[in-house]
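Notes to accompany the following structure.
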Amino acid sequence: MINITFPDGAVRQYEAGVTAMDIAKSISEGLARKVLAAKFNGQVTDASRPITTDGTLQLLTWTDTEGKSTMWHSSAHLMAEALEELYPGTKFGIGPAIENGFYYDIDLGGRAISDEDLEKIGAKMADLAKKNNVYERKEVSKADAIKYFTEKSDEYKLELINDLQDGTISFYTQGNFTDLCRGPHIPNTGFIKAIKLTNIAGAYWRGNEKNKMLTRIYGITFPTQKELDEYLTLVEEAKKRDHRKLGKELELFTFSEKVGLGLPLWLPKGALLRERLQSFLQKAQIESGYMPVVTPHIGNKNLYITSGHYEKYGKDSFQPITTPEEGEEFMLKPMNCPHHCEIYKSSPKSYKDLPVRFAEFGTVYRYEQHGELHGLTRVRGFTQDDAHLFCRPDQVKEEFCKVIDLVLYVFKSLNFTDYTAQISLRDKEDRAKYIGSEENWNLAEQAIIESAAEKGLRTVVEYGEAAFYGPKLDFMVKDALGRKWQLGTIQVDYNLPERFELEYVGADNQKHRPVMIHRAPFGSLERFIAVLIEHCGGKFPLWLTPTQVKILPISDKNQAYAEKVAELLKNAEIRAEIDDRNEKIGKKIRETELAKIPYMLVLGEKEAAEDKVAVRRQAKGDLGAMEISQFIELVKDEVTSRRPFE
RNA sequence: GCUGUUGUAGCUCAGGGGUAGAGCACUUCCUUGGUAAGGAAGAGGUCGUGAGUUCAAUUCUCAUCAACAGCUCCA
């Protein structure tokens, strides 16, 4: 007999060789019908594998992340089976589960596949799923594995097997399809009830662009049709919130082929929004002791040779601009830090002067690959809410804490409540690739870990993710639909102070090297606004929204009163517009609602006579009539408290 | 940069070897209407660009540019 411990701490005895599925059945039939896989002593395995030793067991169902990924992995096999039936001779690369579903990379031998084919493949999968075929595991020798795939002439699988140790190789078979696979898998195909193949894309074999491009088919499956429908609804919702679509609809920004790829043009409404965000942060920064600086859009190539960026990223920059007479080369600045280093150097610094904090909304230009450009999140010209703090090594932690405070203040003000902080530290083994002394690195890494803990951040630590010049802390924000984005970043840097020979005079009258901290709470205004648009679905908080109030006169007889109200709002610094078109009130309301403008004032004879305004709130409806002064108070209160839209 | 898909009016999209259509937006007129679309008329397009096939190309072919999806990259 063996002892099995359950997640709730309960211990039960079973005969050795029992399977997780047997155990599930011993608890309840209902549970057994839901078990997709098992986690034994922390390892995810097939529910059908015999358990021979004591250990802890967790039964995985659809509600567990590992349960989902097991099902999706099995779905990839099911898709492969369908593909093999429909297109004999298809060769298979890899077919893993991903965050939302699964994919399989396949080689169709030159045959093209279209979106209509996806329907066909999906239907075939559904047919096969109904057979309730069991996913059967078989350990095979390397020689047998090679033999099997040589007969199938699948060079991709052969390449994978080549990298595997004999004795660790397993095959899984369901129906007529056998695949090289570590597993685990769900008990049988019958668990897959709802299937949607989402899209086709090219993908390099093993992610290497020198290799052959395979066809990648993405899909997702669910245990019920209802869950699939819900997922599809969510995807639809995400499409509606796409910042590229909303940016166009709300007239925030545009792109022009003639101006150039990845170079956003900010329309008046977008520019206004951007400026508000900028002045909001500017104010907070000045209160936190930052000093604004301004630097030009270009810098001598030598600046970037000194900083090391030319060597490392020269090919990702725009080509240098050459002066006609002297032939000097200037580059569009890909970053602001070298300029700020030179500002630091413009006067001698004492240890008493530190820290100094230079802030600039600096527009930078980087040559991003064509295929990388994406709306406002990936562009070739963007404005960083950049600042560089120069401090003594003993000040790193305090400064770091202050920066975290600022970032959190920004997030809170914009209603980003769901974020995690990623701490990126050195590779544990390979330390040669990092610049700076062991002592300073330890100090900085410690400072980051401690400040994050002190501020109560939810953190993930990633070793080997640090930049070569220092450790960093990145803020990953989730938008309203749960998609993750990297926004704010705080980075410690030992490299640039070294390269620019930055110094300060210490209490000991000796020269010392300051530590530099790069930080950007938004990251870039472009990306931040993109995320903000998607986060709030285009319904910006009142303090940011371009037009706060739309004044809707019922007819042109009420025009004069509308203008009077507009004047009063303007004096109160409320952004209001009059819709004086010769249209019916219903139409004006409809259009204002669709434009997501928070407040509407419907003005007719009645309001003019009583000196009141009839207030309507977007998506909420009529709030009734009130005094103009009362409405102004209402708006001002919502603005100062930075309340979210709803 | 690579692979695939797409490119028709300001926007969303239909069409198709004989030089184009809808809805919304726009202009003018009528209408003065009380909380999500009042009516009529009008204007607007070298069908992304360049070449080829054809008596004839916006439609077919090729190239090119751009957008989208993914891959690779990201100070």
Side-chain angles (χ1 to χ4, degrees), chain A residues 93 98 103 105 108 112-116 198-218 239 242 244-245 248-249 251 254-258 260-262 304 307-317 333-338 364-375 377-380 384 386 467-470 472 486 489 491 493 495-496 518 520 524 550 552-559 581-595 600-607 614-625:
Chain A
I98 51 175
Y103 66 79
D105 284 348
L108 288 155
I113 203 166
S114 71
D115 287 338
E116 292 89 76
T198 47
N199 57 329
I200 312 171
Y204 301 109
W205 168 235
R206 311 201 110 179
N208 186 332
E209 59 184 310
K210 291 188 181 67
N211 287 341
K212 187 169 175 183
M213 173 83 60
L214 303 179
T215 304
R216 175 171 295 181
I217 304 179
Y218 285 88
K239 275 189 196 150
D242 190 316
R244 292 165 300 182
K245 182 174 141 70
K248 194 183 269 180
E249 281 173 14
E251 297 169 2
T254 188
F255 288 90
S256 149
E257 267 184 49
K258 220 165 225 173
L261 316 187
Y304 304 107
S307 71
H309 290 112
Y310 184 75
E311 195 196 350
K312 201 161 165 59
Y313 296 109
K315 62 180 189 325
D316 300 320
S317 297
K333 70 174 172 190
M335 52 190 359
N336 304 298
C337 22
V364 296
Y365 301 89
R366 298 175 185 177
Y367 181 79
E368 299 288 355
Q369 287 189 62
H370 181 188
E372 273 315 311
L373 303 171
H374 180 91
T377 55
R378 205 64 191 276
V379 286
R380 284 180 175 168
Q384 295 179 313
D386 214 354
F468 72 93
Y469 52 76
K472 59 179 182 172
Q486 191 219 303
T489 179
Q491 311 184 359
D493 187 350
N495 179 43
L496 285 182
H518 307 246
S524 91
K550 197 90 172 184
L552 310 177
I554 302 244
S555 83
D556 52 18
K557 289 179 191 145
N558 314 114
Q559 185 64 19
R581 293 173 309 159
N582 180 8
E583 294 293 350
K584 286 191 164 177
I585 193 67
K587 181 160 184 164
K588 291 182 183 181
I589 286 171
R590 177 182 159 80
E591 287 181 12
T592 314
E593 285 279 345
L594 292 174
M600 283 154 260
L601 298 182
V602 178
L603 303 183
E605 301 293 339
K606 218 159 58 192
E607 288 73 24
V615 182
R616 182 189 166 101
R617 174 80 182 179
Q618 203 270 355
K620 288 234 171 70
D622 198 351
L623 301 184

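Here is the naming used below: chain letters follow the sequence lines, and residue numbers restart at 1 for every chain.
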Kindly point out which of [options] is positioned nearest to the side chain of [X]?
{"X": "A/Q369", "options": "B/G1, B/A25, B/G70", "result": "B/G1"}
{"X": "A/M213", "options": "B/U32, B/G70, B/G34", "result": "B/G70"}
{"X": "A/R581", "options": "B/U35, B/C26, B/G33", "result": "B/C26"}
{"X": "A/Y469", "options": "B/C71, B/G33, B/A75", "result": "B/A75"}
{"X": "A/S317", "options": "B/A69, B/A75, B/U35", "result": "B/A75"}

Tell me what A/N208 touches on the nucleic acid: a base, only sugar-phosphate, or nothing, going by heavy atoms under 4.0 Å.
nothing
Please determine if A/R380 forms a cation-pi arrangement with A/Y365, meaning its NZ or CZ atom is less than 6.0 Å from the six-membered ring centre and no more than 45° off the ring axis.
no
Does [N] have OP1 or OP2 under 4.0 Å away from a side-chain N or O of [X]?
{"X": "A/Y204", "N": "B/C71", "answer": "no"}
{"X": "A/K258", "N": "B/G48", "answer": "no"}
{"X": "A/Y367", "N": "B/A75", "answer": "no"}
{"X": "A/K588", "N": "B/A37", "answer": "no"}

Can you tell me which stems RNA chain B forms when a stem means 3 or more consecutive Watson-Crick or G-U pairs under 3.5 Å?
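Stems found: B:1-7 with B:65-71, B:10-13 with B:21-24, B:26-30 with B:38-42, B:48-52 with B:60-64.
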Show me the protein contacts with nucleotides 62-67 of chain B, counting only N or O atoms at under 3.5 Å.
residue : atom : partner : partner atom : Å
B/A66   : O2'  : A/E257  : OE2          : 3.4
B/A67   : OP2  : A/H370  : NE2          : 2.9

